[in-house]
Amino acid sequence: MKINIRLIYLYLFSFIGLLVVVIGAIKMVDLGMKVFVFKDADRYEYTMPEMSDEERKLVKVNAEKDTKRNREREFSNSLAMIIVGLPLYLYHWKTIKKENKSG
């Protein structure tokens with residue numbers, strides 16, 4: 001196996017694709033842990049002492065909506081990383097394997 005620019009390119013992009021998939025998977029597991037195990041890990045509630053009960057309820061509802069939006073955003077980002085990274089990795093790795101067999 002001789003090393004050339006094309007082979008370096010293939011290994012580099014295969015590595016980048018795999019790295020993107022791993023990061024996406026880690027983010028997905030992190031989100032799953034927050035949703036199912038550590039349910040209050042990403043919830044924040046800010047209240048002021050002089051708030052009325054109605055204002056506190058409104059702040060709580062808005063905080064829950066923000067948490068839901070943030071989780072959806074994190075899920076879509078993680079999924080996008082996996083969807084982009086997996087084909088990038090698989091294509092370049094398959095090409096490397098094919099070249100190793102023929103070469």
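The side-chain hydrogen bond (donor to acceptor under 3.5 Å, both in side chains) check on Asp66 picks up Arg69, with sequence neighbours excluded. For Thr67, the side chain to side chain contact (heavy atoms under 4.5 Å, CB included) partners two or more places apart in sequence, or in a different chain, are Asp42, Arg43, Arg71. Here Asn62 pairs with nothing under the side-chain hydrogen bond (donor to acceptor under 3.5 Å, both in side chains) rule; sequence neighbours left out. Contacts of Tyr9 classified as ring-ring contact (aromatic ring centres under 6.0 Å, His included), with partners at least two apart in sequence or in another chain: Phe13, His92.
Hydrophobic clustering places Ile16 together with Tyr11 (ILVMFWY residues linked when any side-chain heavy atoms are closer than 4.5 Å, directly or through intermediates). Linking ILVMFWY side-chain heavy atoms closer than 4.5 Å, directly or via other members, places Ile23 and Phe75 in two distinct hydrophobic clusters. Hydrophobic clustering (ILVMFWY, side-chain heavy atoms < 4.5 Å, transitive): Ile96 and Val21 are in one cluster. Leu7 and Trp93 fall within the same hydrophobic cluster, defined by Ile, Leu, Val, Met, Phe, Trp and Tyr side-chain heavy atoms under 4.5 Å apart, directly or through other members. Residues Leu31 and Phe36 are members of one and the same hydrophobic cluster, defined by side-chain heavy-atom contacts under 4.5 angstrom among Ile, Leu, Val, Met, Phe, Trp and Tyr.
No side-chain heavy atom of Lys34 sits under 4.5 Å from any side-chain heavy atom of Asp40.
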Contacts table for residues 76-90: side-chain donor-acceptor under 3.5 angstrom, sequence neighbours left out:
from  : atom 1 : to    : atom 2 : distance (Å)
Ser76 : OG     : Glu72 : O      : 3.4
Ser76 : OG     : Arg73 : O      : 2.9
Asn77 : ND2    : Arg73 : O      : 3.4
Ser78 : OG     : Glu74 : O      : 2.9

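Atom CG of Asn4 sits in a crowded spot, with more than 12 heavy atoms from other residues, nucleotides or ligands closer than 6.0 Å. Within 6.0 Å of atom CD1 in Ile8, more than 12 heavy atoms from other residues, nucleotides or ligands are found, so the atom counts as buried in its surroundings.
The list of salt bridge (Lys or Arg N to Asp or Glu O under 4.0 Å) pairs with a residue in residues 9-24, not counting sequence neighbours, is empty.
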Quiz item: Do Thr95 and Arg6 pass the side chain to side chain contact (heavy atoms under 4.5 Å, CB included) test, and can you show the C-alpha distance, the side-chain angles, and the key distance before you say yes or no?
Solution: CA-CA 11 Å; Thr95 306; Arg6 177 171 163 68; 3.7 Å; yes

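Rounding to the nearest 0.5 Å places NZ of Lys57 at 14.0 Å from CE of Met51.
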